[in-house]
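Below is one structure, written out as structure tokens; the observations come after it.
The chain is numbered in sequence order, starting from 1. Remember, predicted model here, so these are calculated numbers, not experimental data.
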Amino acid sequence: MALGDFLRKQFIDVIQWTEPEEGILSYRIPMQDMEIQNGAKLTVRESQMAAFVNEGQMADVFGPGLYTLSTQTLPLLTNLMNWDKAFKSPFKSDVYFFSTRLQLNQRWGTANPITIRDKEFGIVRLRGFGTYAYWLSNPNAFHARVSGTRDVYRTADVEGQLRDIIVSRMTETFAASGVPFLDMAASQGGLAQAIAERVQPQLTDLGLTLNTLIIENLSLPDELQKRLDERIGMSIVGDLGRYTKFQVAQSIPTAAANPGGGSAGVGAGFGAGMVMAQSMMDALKPDTTSATKPCVKCGKPVPSQAKFCPECGAAQG
């Protein structure tokens with residue numbers, strides 16, 4: 001390799017970065033044994049920001065665009081390095097790229113149920129999960145408080161911290177809202193917005209901006225859910241008497257169809273069904289009398305209030 005080729009490899013005249021994979025928030029350009037040419041080109045693509053860092057101190061930050069590097073375009077770095085306006089030599093500096101695009105479909109959820117006070121059930125333990133999206137909005141704060149001098153910093157590295165922030169703010173929001181658990185499903189949008197408002201200040205400190213936060217599901221632990229299902233079942237049944245009458249009415253067609261074919265069978269089946277219905281409905285009424293009378297057809301005892309004979313199904317006069 002010629003000496004000229006070797007020397008040219010030690011200087012950088014084009015600085016750019018394309019994300020090789022999903023989930024990278026910051027990336028440091030390898031600069032070991034390399035210097036940046038005065039007049040080099042810096043390309044910052046859409047959804048990116050770039051920053052020059054001198055000995056750990058953040059200097060100039062660039063948004064999307066094409067830049068020619070000089071003392072004019074690097075005023076902060078020029079000041080840190082004590083350059084004069086005529087400085088034209090190559091220089092050393094750390095260069096970081098930051099991805100500012102939305103980090104979508106990030107998951108959050110309660111590792112363990114959280115305990116809240118509920119108007120309907122008293123103390124309940126609640127589970128929840130959903131998604132959120134955010135973007136890196138402040139490279140200075142993110143570099144200083146989160147990524148530091150790491151070569152690469154990914155969404156997975158900050159995921160646990162963000163999830164803990166959301167769950168802790170979720171607990172505070174539910175406690176302050178006073179919304180009963182049974183009404184939470186109808187209030188998920190409002191609760192999510194309230195949680196997001198509590199989360200954002202902490203993300204701002206990290207150099208991040210929350211874009212959306214969605215509650216996908218709120219539920220109780222299995223044992224509490226079983227008790228809730230039982231309560232719902234009782235509410236659906238409501239008035240036991242009315243429920244029983246409804247069940248009897250529903251069973252009449254089936255009871256009438258059970259005996260064998262022929263008009264006599266149909267009539268007898270219908271009569272038996274009516275007797276069963278009447279008996280069950282009568283059972284729900286106060287016992288006004290226990291007197292009986294003989295069946296007009298078979299002579300068997302028939303309750304005085306019965307319309308049909310329980311033995312033969314004959315209509316009573």
Side-chain angles (χ1 to χ4, degrees), residues 1 3-103 134-158 161 200-211:
M1 178 182 295
L3 179 60
D5 293 336
F6 175 80
L7 292 175
R8 280 194 293 273
K9 283 185 175 291
Q10 308 311 301
F11 300 99
I12 300 176
D13 55 12
V14 175
I15 304 174
Q16 60 181 338
W17 176 64
T18 54
E19 298 177 50
E21 60 187 71
E22 294 286 333
I24 297 178
L25 292 173
S26 70
Y27 175 78
R28 181 171 63 183
I29 299 294
M31 301 295 290
Q32 186 175 1
D33 300 325
M34 305 186 77
E35 294 185 348
I36 301 171
Q37 292 273 37
N38 186 279
K41 302 296 183 182
L42 170 67
T43 301
V44 183
R45 292 176 170 82
E46 291 293 336
S47 75
Q48 291 182 349
M49 296 185 79
F52 286 77
V53 179
N54 179 54
E55 297 180 354
Q57 185 172 354
M58 183 77 76
D60 301 279
V61 179
F62 297 86
L66 175 63
Y67 305 89
T68 299
L69 301 180
S70 65
T71 54
Q72 286 74 36
T73 54
L74 294 167
L76 299 180
L77 192 62
T78 295
N79 183 62
L80 290 174
M81 291 188 169
N82 298 310
W83 293 339
D84 59 34
K85 295 182 179 179
F87 182 82
K88 296 184 180 299
S89 301
F91 61 92
K92 293 188 68 67
S93 174
D94 288 326
V95 181
Y96 290 83
F97 277 84
F98 300 88
S99 173
T100 60
R101 66 186 179 85
L102 279 177
Q103 304 299 325
Y134 67 92
W135 59 287
L136 195 161
S137 54
N138 188 336
N140 295 60
F142 186 80
H143 177 78
R145 299 177 182 176
V146 183
S147 61
T149 59
R150 288 179 51 171
D151 292 339
V152 181
Y153 202 91
R154 295 178 167 84
T155 55
D157 298 321
V158 76
Q161 176 69 14
Q200 183 53 66
Q202 289 190 266
L203 265 64
T204 298
D205 290 342
L206 302 178
L208 306 174
T209 296
L210 185 67
N211 181 257

Closest heavy-atom contact between [X] and [Y]?
X     : Y     : result
Ser70 : Asn38 : CA-ND2, 4.1 Å
Glu35 : Pro90 : OE1-CB, 3.4 Å
Asp33 : Lys92 : N-NZ, 4.1 Å

Inset, instruction - For Leu208 and Tyr134, run side chain to side chain contact (heavy atoms under 4.5 Å, CB included): C-alpha distance rounded to whole Å, both residues' side-chain angles, the deciding distance at 0.1 Å, then the answer. - result: CA-CA 7 Å; Leu208 306 174; Tyr134 67 92; 4.1 Å; yes

Legend entry - Flag for Glu19-Ser99: side-chain donor and acceptor within less than 3.5 Å: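 The answer is yes; a qualifying pair exists.
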
Legend entry - Gln16 and Arg45: side chain donor to acceptor below 3.5 Å: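 Side-chain D/A pair, Gln16 to Arg45: present.
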
Using side-chain heavy atoms (C-beta onward) and a distance below 4.5 Å, is [X] in contact with [Y]?
X     : Y     : value
Ile36 : Phe11 : no
Gln72 : Thr78 : no
Leu69 : Lys41 : no
Trp17 : Ile24 : yes

Nearest 0.5 Å, what's the [atom1]-[atom2] distance between [X] and [Y]?
X      : Y      : atom1 : atom2 : value
Leu136 : Gln48  : CG    : CD    : 12.0 Å
Met58  : Leu80  : CE    : CG    : 12.0 Å
Thr155 : Gln103 : OG1   : CD    : 6.0 Å
Gln37  : Ile15  : CD    : CD1   : 10.5 Å
Tyr153 : Ser147 : OH    : OG    : 7.5 Å
Ser137 : Met49  : OG    : CE    : 9.0 Å

Donor-acceptor pair, [X] side chain versus [Y] backbone, under 3.5 Å?
X      : Y      : result
Arg145 : Asp205 : yes
Arg28  : Val152 : no
Asn138 : Ala141 : yes
Thr43  : Leu66  : no
Asp60  : Leu77  : yes

Inset, instruction - List the steps, then state whether side chain to side chain contact (heavy atoms under 4.5 Å, CB included) holds for Val53 with Tyr96. - result: CA-CA 8 Å; Val53 179; Tyr96 290 83; 3.6 Å; yes

Inset, instruction - In sequence, state the C-alpha distance, the side-chain angles, and the governing distance for Tyr67 and Val44, and then conclude on side chain to side chain contact (heavy atoms under 4.5 Å, CB included). - result: CA-CA 8 Å; Tyr67 305 89; Val44 183; 4.2 Å; yes

Legend entry - Heavy-atom neighbours of Glu21 CD exceed 12 at 6.0 Å: yes

Inset, instruction - Inspect the contact between Arg101 and Glu46 and indicate whether a charged nitrogen and a carboxylate oxygen are less than 4.0 angstrom apart. - result: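 Here Glu46 does not pair with Arg101 in a salt bridge, since their nearest N and O are not under 4.0 Å apart.
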
Inset, instruction - Return the orientation label for the Phe52 and Phe91 ring planes: parallel under 30°, perpendicular over 60°, tilted otherwise. - result: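 Aromatic pair Phe52/Phe91 classed tilted.
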
Legend entry - Phe97 ring center within less than 6.0 Å of Tyr27 ring center: no

Legend entry - CA sep, side-chain torsions, deciding dist, call: Met81, Leu74, side chain to side chain contact (heavy atoms under 4.5 Å, CB included): CA-CA 10 Å; Met81 291 188 169; Leu74 294 167; over 6 Å; no

